[in-house]
Structures are given as C-alpha cells and as structure tokens.
Amino acid sequence: MKRIFFLFLTLHIASAHAQSPDWREALRLWLTTEEIDESYGTETMEMLEDMAQSRINLNQASREELEQLPFLSAQQVEALLEHVYRYGPVRSLGELQMVTALDYHTRQLLSCFVTAGKEADKKVWPKLSDVMADGSHTLMMTGKVPFYKRKGDDNGYLGYPYRHDLRYQFNYYGRIKFGLTAAQDAGEPFFANCNTAGYDHYNYYLQVRDMGRLKALNLGMYRVQMGMGLVINTGFHLGKLATLQSLGRSTHTLTAHASRSQAGYLRGAAATVQLAPQWHLTAFASYRPIDATLNDDGTARTLLTDGYHRTPTELAKKHNTHESDLGISAGWRKGTGYVNVNAVYTHLDRTLLPQKANTPYRQYAADGNDFANVSLDYGYANQRLSMAGETALNRQGAMAALHSLSYRLTETVTLMAIHRYYDKRYTALHSYSFSEGSGIQNEHGIYVGASWRPSWAWLLQGYADYAHFGWPRYLVSAASDAFDTMLSARYTGKRWSADGRYRLHIRQRDNSDKTRLLNRTEHRLRLGGNYVLSSQWSLRTLANAVCVNWAGENKKGVMLSQQASWQTSWLHTTLQAGWFHTDDYDSRLYQYEPSVLYDHSFPMYYGHGVRYALTARADIGSHLMFTAKVGVTDYFNRSTIGSGLQQINRSSMTDLLLQLRLIL
C-alpha cells in the first residue's frame, strides 16, 4: 500500500494544462462495457484514428464525409455545409464559433478531425503531376514486445511472441487516398507455414472522392453504411450515449478500410454516382475469404472474426469459406429531406448451419447459403426537428424497423426518442444498429433521451431504454426484459474540468435451476477531473466503481487512477497509474489508456492489483515521430495470469510498444 500511496502522491504533484482535447477519451465515454467486450469500440476507434490523421478539409467536404463523424447530428452537418456555401472558405477553425448549431464541446471535438485548408480545386480530375507534387506519404511501423512468456510460446503457437504491423498511405487533400496495411498478431507464423507471403493479413485500398458526378469510388478493402444499419453497416459501432449525441441520424457512406482489423470489411469495388441534382446511386460488389468453424459434414457452424491464426487448429480455419456480396442503393434528396431504397445480397460457398438442437435461443439464427435484405430509409430535418427511420425485410419476409425523432425544445434543451422492432426471424449478416441485444433480431424497445446545456461550460445528458425479447436468448430460456438508464454530466472551466457518469443496467436471466427469471442488476459509476496549472503540465484523476447484484449476491469493484502529462514543443510524455480491486470477473472494470497511434487500449481489470504505464512521443522535426510505451500490471491475488495457451506463469506482465512514423 505504501507503493500505491507514493505513486498517487507523486502524480498529484504534477499539474495540468489546457491542451488539445483528447478525442479518444471523449469517444470512450460513449462506449458501454458490452460494446468494448464485443470489440466494436476498438474497430471504431481505429477508423476514427485514420480520420484524425488525414483530416477533412471543411472547404471541400461533402455531406457524406461529414456524416462519417458519428458525433455530428443532421442539423450540425447541414449547418457546416451552409456556412461554407454562404460565407466562402473557412480560413481558421476559430470561425466555427459562428456556426450556432455547434456547441463548445462539439467544436472542440470537431477540431480534431477537420482542417481549414485552401478552397477546393474546381478541376474535376486533377493533373497527375499536381497529385504527386501535393500529396503526402505516410509510413508507420509499430511493434509490441512482451517481457513474459505465454504457455503457447513454448508449446502451441507457431510464430514468435511479437506483434507488429506496417502501414503506408498516400493522401491528396482527401480526394485521392491509397494505402497498404500489413498486420501480424503475436504467435502467428511469419514467412512460414501458410504465411509464405510474410504477414498474416494484408489490407490494401484506393479511395477517390468528389470527381464530378463520381462522388465516391473505393477499390480494394472498404466499408459500407446504409441508412440506420438494418441491412448493412460495416462502419461505425457506437453506443446509446453516442446516439443521443448524434440524434440518431441516418447516413450513406463508403469508407476505405485502413485498419489492421480482419472483421467487417468488404473487398472489391464500390461507387456513388450523382445521377441528377437530387438523385444518387450507390453500388458495391465484394468477394472475400473468411474464417469459419466447420461441422463434421463440411458446413459452417460459425463465422469467425477474431483474425487469429496462431495454432494449427486456427490456421486450418483460415480462409476456408468465401463470401460474395452485392448491394445497391438508389436515393433522392432535396434539402434535408431524403428517401433511399437499399438492397443487399450475400452468398456463402459453404452452407451456414449453426447447431440448433437443445439451444432454443439459436432457433432463428441465420442459416443457409443465400441471404437477401431490402429496406427503405427516409428522413427530414430542420433547425428544430429531426426525423429518421428505416424499415427492412429479409428473404423470408420478416421485418425490422427503427425510427428516431429528436426535437430542439429550446436553444439549450434537446429531446429524443427511438422506437425499434426487430422480428425474431429477421436476419442480416452485415447489419448493425441500435439495440440492447447482440444483434438486429428478437427485440422490441423504446428509448428516450435528453440533452441540456445550461451554459457553455455545462453539458447534462441522460437516457432511459426499455427492451422486450419475445423469444429465449443466451442464458435466458423464456421471454425477458431489460432496462438501461444513464445520467452524464460534464463541466469545462478555464483551468479545470470534471465529468461524471452513472449507469443502471437491469437484465433478466435464468436462475441456477432454470425454473424462473431473476434480475441481474448492474450499477456503474465513473468520476473524472482535470486541472490546469501551466502550459506544460496536465493532470487527470479518475474513479470507477461497479456493483453487480445477481441471485442474492453482491459483487463489487473499484479502480482509482491518476494520469499526468508533460509536453514541450517536441516531446510529450504521459504517466498513468491505477489501483483496482474487484470481487470477480463479473465486476470487471475498463479504463481508457493513452497509447501509440492506432493502438486503442481499453484494458480490462479484475482481481486485485496495480497498473502503471509510461508513454513518450518525440516529434523530430516536421516529418519524423517516435513513440514508446511501457505498461506493467501487477496482481496481488494470483500467481498466474490468463488461461489456456495465453496463460502467463507470473503475477505480473510488462509490455513495450514502439512506433515510428515518417511523413513526406
């Protein structure tokens, strides 16, 4: 305990400065525990990291580009476009104060993703010489070195214990972008076994924007978002608080897949063409290998998305199934009103046949070779009112519908409601949208939320969500209900800021005898504060607590952490230390931790121990950046960490991350 006290005392001596907002921490506040567990948060953060590194030029941004930013509402997107149209090019981001639809916090967050560059080039197709002269090249190398051995490193994994990746990207003012990402997970063979080409996964892409009637063209790996996500959404995955922030808007975007993730992307070609001033057409075609666990008869039991190929068993599943996708969307838009018709067809070369015997919750799981979905999405927005919705059908005629309504009651108060109905028979392999469950199926619910800004410094938000599941779910053998509510407050002053969040989540589950349903009640509390003393030092204090009541037992967990940062014109260092104590895995806690670019760390903590990490970034001139991070986790209540091939026969683990970025 003396060591813990010394760490906190040392860090409290540091102070904080008013530096650029940490968009990673801001967006982390929108993710729930379930979303982090399902890795959606990490994939979304990687996509946003890419957008932060190649910022959108406000003076040539299209509606589709701005809609890629999940924290902007439909009214805010329209207000930004109107500002540039009426007043001409934005010369500095300070002009955003003139856009009344943007509050202080949104402007701060937006400044991390946009830039005020020169006026858009009026030429439809730029000259090749201009592209090569004005485009930028970015090369980035990242490696992770563990100072411990897993059980699989000695006997099980086919490769060495180091994770590394290589990224290259060319960017011409956001209009032309192409790149390559090569990724290798720890334990995967490198230039050996099935990986004779070196890296386990290669990701390549070409993206072209705003070339006359050709609004978007993507070749190679890409992601697609249509409507509210009931038919297809391989793009952003954010939670209920983020939905309140963006007011549940709909979007149609094509984006390059620059992430190291092997899940959710499509491979082939996609394009959006402006047919007439108010009409557009989007189409895509994709063919890609995927991993699957097979049944004895050669059919696919489950489709895998983790991307691990470390053992002979995992390698046998690599690319053993192929998926073909075709999609089309035809839309009309006039002002802020729009209607789109969407259709997606998917074919698997192996029959998907999940095990359904003695598992009622899988009775209506997707199966077969061919899947087809169609939908109609529509919406309208003005300065006060915003409406959006989508109604979808699958091949069997089962329906899914999602509708949102938001109203700006005053300049400072916004109300919102969302209704969704997902038939238990509805299936769509690429759907992802607003839900309480794990997919767009077997759910009927209503969500209400409110946002209040009593002054520029304060932001108060809250929501309540009720969901009913008419068919059994995992760990639930009958119809069940769930209730989720959250209250959030944030204060931003001149020299200090504070934020807090409380969440109550109630879900029904079977008792041990499966004779009746019991409520599993989860309380989560998060408090944080920043303090500013000088132009070089920053300090952030965080406290997280959880209490889970299930079958008469109370499980508790708490984590206290301190973060201190110091920076000069070329060096930025961050030290973070935390103490955690939880009863078990059910009372686990998550906390965002600063890291190198594209490595979004949301460590999970349970048990009793301390975590401390030091990150240092050196900007060597305007072209070279070097970052190093060392992180240590010490457990007080165990002699081993992890299980199976991931087991570490020690009570502590230390990792070193190294990254080098070169921009030309």
Side-chain angles (χ1 to χ4, degrees), residues 30-41 228-230 237-244 248 359-365 398-404 416-427 431-450 461-488 501-512 514-526 546-555 557 585-590:
W30 295 348
L31 297 172
T32 65
T33 304
E34 292 79 12
E35 289 164 327
I36 297 173
D37 277 344
E38 295 170 4
S39 78
Y40 294 140
M228 310 286 280
L230 301 186
H237 306 286
L238 288 175
K240 297 177 181 178
L241 201 57
T243 300
L244 182 59
T359 53
Y361 67 92
R362 288 182 180 157
Q363 185 66 37
Y364 295 100
M399 185 179 73
L402 176 66
H403 293 90
S404 70
M416 182 181 179
I418 296 178
H419 174 264
R420 75 267 191 192
Y421 170 76
Y422 308 144
D423 192 292
K424 63 185 178 184
R425 299 169 297 142
Y426 182 80
T427 53
S431 65
Y432 187 87
S433 189
F434 187 94
S435 70
E436 165 67 23
S438 58
I440 309 305
Q441 188 181 43
N442 182 34
E443 182 172 333
H444 188 192
I446 184 71
Y447 165 102
V448 293
Q461 293 178 306
Y463 71 77
D465 183 51
Y466 166 78
H468 175 74
F469 310 97
W471 188 256
R473 306 170 66 214
Y474 180 63
L475 300 179
V476 186
S477 58
S480 61
D481 301 296
F483 178 74
D484 183 13
T485 186
M486 180 183 291
L487 295 174
S488 169
R501 185 173 82 174
Y502 167 73
R503 185 187 185 199
L504 169 64
H505 202 183
I506 303 173
R507 289 169 289 185
Q508 292 184 312
R509 286 187 180 178
D510 288 329
N511 63 1
S512 57
K514 295 187 178 181
T515 56
R516 64 191 181 97
L517 298 182
L518 299 177
N519 287 337
R520 181 186 184 276
T521 304
E522 180 178 291
H523 304 266
R524 288 188 178 271
L525 179 66
R526 184 182 191 274
V546 60
C547 178
V548 180
N549 181 275
W550 165 243
E553 293 185 56
N554 282 315
K555 304 294 181 66
Y585 178 79
D586 278 348
S587 54
R588 65 194 180 279
L589 293 161
Y590 293 84

In short, Ala479 meets Gly470 closest at the heavy-atom pair CB-O, 3.9 Å
To the nearest 0.5 Å, atom CD of Glu443 lies from atom CZ of Arg473 at 7.0 Å
For Ile440 and Ser431, the nearest pair of non-hydrogen atoms, with its separation, is CG1-OG, 3.6 Å
Interatomic distance, SG@Cys547 vs CG@Leu504, rounded to 0.5 Å, equals 10.5 Å
When every non-hydrogen atom of Ile446 is compared with those of Asp465, the smallest separation belongs to O-OD1, 3.1 Å
Under 3.5 Å, is there a donor-acceptor pair linking the side chains of Tyr463 and Asp484?
yes
| request: Please assess Val546 against Arg588 for the test side-chain contact (heavy atoms from CB on, under 4.5 Å), listing each intermediate value before the final yes or no. | output: CA-CA 8 Å; Val546 60; Arg588 65 194 180 279; over 6 Å; no
Fill in: Tyr364 side chain near Thr427 side chain, heavy-atom distance below 4.5 Å
no
Check whether any side-chain heavy atom of Glu436 lies under 4.5 Å from a side-chain heavy atom of Phe469, and answer yes or no.
yes
- Answer yes or no: is there a donor N or O on one side and an acceptor on the other, between the side chain of His505 and the main chain of Thr485, under 3.5 Å? no
Heavy-atom nearest pair, Val476 first then Gln508, reads CG2-O, 3.2 Å
NE2 (His444) and OH (Tyr422) are apart, to the nearest 0.5 Å, by 10.5 Å
**Report entry** Derivation of the side-chain contact (heavy atoms from CB on, under 4.5 Å) call for Gln363 and Lys424
**Finding:** CA-CA 9 Å; Gln363 185 66 37; Lys424 63 185 178 184; over 6 Å; no
When rounded to the nearest 0.5 Å, the distance separating CZ of Phe434 from CZ of Arg420 is 5.0 Å
Inset, instruction - Report the C-alpha distance between Asp510 and Leu517 in whole Å, list the side-chain angles of each, state the deciding distance to 0.1 Å, and finish with yes or no for side-chain contact (heavy atoms from CB on, under 4.5 Å). - result: CA-CA 5 Å; Asp510 288 329; Leu517 298 182; 3.2 Å; yes
- Would you confirm whether Asn549, through its side chain, and Thr521, through its main-chain N or O, come within 3.5 Å as a donor-acceptor pair? no
Taking every heavy atom of Ala400 against every heavy atom of Leu230, the minimum-distance pair comes out as O-CD1, 3.6 Å
Separation between CH2 (Trp550) and CG (Asn519), nearest 0.5 Å, reads 8.5 Å
With no hydrogens and no angle check, is any side-chain donor or acceptor of Ser587 less than 3.5 Å from a backbone partner on Lys555? no
NE2 (His523) and CD1 (Ile506) are apart, to the nearest 0.5 Å, by 7.0 Å
In short, Asn442 meets Pro472 closest at the heavy-atom pair ND2-O, 4.0 Å
